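These numbers were taken from a predicted model, which means no experiment stands behind them. Numbering of ligands and ligand atoms starts at 1, following listing order. Residue numbers run from 1 in the order of the sequence given.
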Amino acid sequence: MQTYAYGYPRLGESREFKRLIEGYWQGKVSEADLRDGLSALEQYRLATYAQFVDAYPIGEMTMYDNMLDTAIMLGVYPIDPNDLDAYFALARGADALPMTKWFNTNYHYLVAHLDAQTAFRLHWNKPLQAFQQHGAGYPYLIGPYTFLRLSRGCAPDQLPTLLERLTPVYAEILNSLKQAGAAYVHIDEPAFALDAPDAEVNAICAAYQTLGQHAPILLMTYYDSVDFLPHLYDLPLAGVGLDLVQGKRNFETLAQHGFPRDKVLIAGVVDGRNVWKTDLRTAAERVRTLAQQTGATVWLANAAPLMHLPVTVQPESALDPALKERVAFAKERLQELRLLKTLLTDGETDAVRAWNAYQHATDHWRSPAVQQRVASLTPDDFERAAPYPERDRLQRERLNLPPFPTTTIGSFPQTPEVRQMRQAYRTGKITAEEYDAYIQSQIRGLIAFQEQIGLDVLVHGEFERTDMVEFFAEKMDGIAFTQQGWLLSYGTRVYRPPIIHGDVVRTAPMTVKETAYAQSLTQKPVKGMLTGPVTIIAWSYVREDIPVEQVAYQIALALQDEVRDLEEAGIPIIQIDEPAYREKAPLKRADWDAYFRWAAQAFKLAARAKPETQIHTHMCYSDFNTVLQYIDWMDADVITIEAARAKGEVISAFEHYNYTRQIGPGAFDVHTPAVPSVGSIEAVMTRAIRVFPKEQFWVNPDCGLKTRKWDEVIPALKHMVQAARNLRERQA
Ligand code: GLN
Ligand code: ZN
């Protein structure tokens, strides 16, 4: 029995990765020091693997993103990889590659753009370089199918042709690795867990039929099960890695079709996506059964790359001890693999027993009251008291807005001053009163500004929030925070996911103070601003001792109480942001209905406001075609979406769908510093107006303005208001 681990975080225990690279960008770290530093970090990663497991990949380190490196390797962007300026220009320059979410994780990769003419060639043998530099280990590659499936610019039916064209390039790399003495080559193919049409499955088989002849391949799949697993059995592969945590259906396939004896079954049994300790006995039992069932050689592995976990729990001295002894981050997962091997070879040792012996009482994590509240929910509790047409009438009477009402998505520029004041408050340098007074002054300024430029629905600006999930999570019981639990979200950008470990309870109003203050300053309606239950769950680690929908309903009830308090404070409009609603969807379409059912229910539970309260929601992505029906399920009165970047695409999705509620298709892209002209905003609006009746139409930016500067925001919003006025005149 051997252990194998992969995807160990590159960030480093003290975020060395971030410090080195950002230091280089700022001119504080020389190129030589950057290279030495990253090489030392890689040594540390490899030494950590070696300390706990028998084998691991080599060459997972990157200076920004492995999908970018793959595109360079294959000659799609034939820059000199040693030319750091050229490299970082692709990653983050003015003409950088676009970025998007990696599967249903919160990591973002850089998206290569291909076309039917793209000619691939081996431009940079990165795995060979890494192998020569660091010796032991199995060279690591992102596989050709995953690379193509996650690139853009090609029609799906071209994929088989491109895969065929890419195969000789991969073959060349594999040859070189074999010649250099690599025992195995680690190829990541997480895209095997997506739904794949037959033509693609055939193309995959043809490609690996060839590739397997050039080097012994460990083909790693993860994030879900592989529907076409038995097709891989006849291929000349040395081993196949399966996710046995998220990919529950893999078990069924294995029970039904067995597993070939000539291949290693790399059993992903310790979780790479969530932080709860592995129950070693259950995992061992599972592995024993698999080995007996299949007769195959089994290796023990993590189920998904460990980069979705922080580096180690060790430094978390402020964490509740009862929680700390229950969680495992990346390093602890390696420890689990070692213990699992011990358990399977030597039986139960003290170390194994100690691992699962939780000592501390956790009663203080439970709230019988909230459990009772969730248990007694009836279908009616998820529905608003009146159907949309009636609500619409009541809301129009109450709000009396002009046609094409203008609004924003919530946040305004978070200036260095705002961030400094928040930091000063957190570290005790200023009192709560001083901080509140400061936030109030910001709100006053913002209300005056919004009135002056003529927006119709105002916001308070979210100056008191760092992060839209963290802000709410900190105000709820049952959710914990780490001090060092950082993850890379893209490039060198890090975030710390909260840990939802107990029953979630709102202990006091969370947003009423700022929102009511803003409303007290103006006759215009102020829109309250909440983060929805699905997004809070998607960007946290979530307990697994109760079904996820129960967690979602607990959070939704806390938000519902907040909605009620806002209503009582006279707030007529409440926006509940759900930017993660689509991204959290399972990889396989067959699982969508079940997911969206509870996701929509949770949203509706939170949004169960009075009929005359207008509920908005906001999402920011462009791929709406597939999810419109599920957005409808949310029963929001108004949705604001991203439309400016993807231009016609978003709007055309609605051409084929009778969307009867109100919609604000983002009038300009907040992700670029460029100030949109009145004409360009009108152009987006005019295109959209052909699709939606004008009574349904809102005018707003496509996301929050917090990352923009004031001197960009002021003219942009003025132009937006002017564009709305022009529309009103023309349509009158
Ligand atoms: N209300 C949030 C903001 O304006 C929404 C952010 C988001 O969509 N991610 O910042
Ligand atoms: Zn957004």
(request) Assess the pair Phe382 and Tyr553: is the distance between their ring centroids shorter than 6.0 Å? (result) yes
(message) Tell me whether the count of non-hydrogen atoms from other residues, nucleotides or ligands lying under 6.0 Å of NZ in Lys513 goes above 12.
(response) no
Please tabulate, line by line, the atom pairs linking an N/O of ligand 1 to a protein N/O at a distance below 3.5 Å, with the distance in Å to 0.1, or answer 'none'.
{"from": "ligand 1", "atom 1": "1 (N)", "to": "Ile409", "atom 2": "O", "distance (Å)": "3.0"}
{"from": "ligand 1", "atom 1": "1 (N)", "to": "Glu462", "atom 2": "OE2", "distance (Å)": "2.9"}
{"from": "ligand 1", "atom 1": "1 (N)", "to": "Asp577", "atom 2": "OD2", "distance (Å)": "2.6"}
{"from": "ligand 1", "atom 1": "4 (O)", "to": "Ile409", "atom 2": "O", "distance (Å)": "3.3"}
{"from": "ligand 1", "atom 1": "4 (O)", "to": "Ser411", "atom 2": "N", "distance (Å)": "2.9"}
{"from": "ligand 1", "atom 1": "4 (O)", "to": "Ser411", "atom 2": "OG", "distance (Å)": "3.1"}
{"from": "ligand 1", "atom 1": "8 (O)", "to": "His618", "atom 2": "NE2", "distance (Å)": "3.0"}
{"from": "ligand 1", "atom 1": "10 (O)", "to": "Ser411", "atom 2": "OG", "distance (Å)": "2.8"}

(message) So if I apply the side-chain contact (heavy atoms from CB on, under 4.5 Å) rule between Ile574 and each of Asp637, Val563, Thr511, Thr515, which one comes out positive?
(response) Val563
(request) Kindly say whether the aromatic ring centers of Trp633 and Tyr630 come within a distance under 6.0 Å. (result) yes
Please table the atom pairs, donor to acceptor, closer than 3.5 Å between any side-chain atom in residues 479-492 and protein atoms at least two apart or in another chain.
{"from": "Thr482", "atom 1": "OG1", "to": "Gly485", "atom 2": "N", "distance (Å)": "3.0"}
{"from": "Tyr490", "atom 1": "OH", "to": "Arg493", "atom 2": "NH1", "distance (Å)": "2.9"}
{"from": "Thr492", "atom 1": "OG1", "to": "Glu22", "atom 2": "OE2", "distance (Å)": "2.7"}

(request) Classify the angle between the aromatic ring planes of Phe596 and Trp592 as parallel (below 30°), tilted (30 to 60°) or perpendicular (above 60°). (result) perpendicular
(request) Could you list the residues that satisfy side-chain hydrogen bond (donor to acceptor under 3.5 Å, both in side chains) with Glu568, not counting sequence neighbours? (result) none
(request) Sort by chain and number the protein N/O/S atoms that are closer than 2.8 Å to the Zn ion (ligand 2), and list them. (result) His618 NE2, Cys620 SG, Cys703 SG
(message) Under 6.0 Å from the ring centre and within 45 degrees of the ring axis: does the NZ or CZ of Arg661 meet both conditions for the six-membered ring of Tyr388?
(response) yes
(request) Could you tell me whether the side chain of Glu578 and the main chain of Val534 form a donor-acceptor pair under 3.5 Å? (result) yes
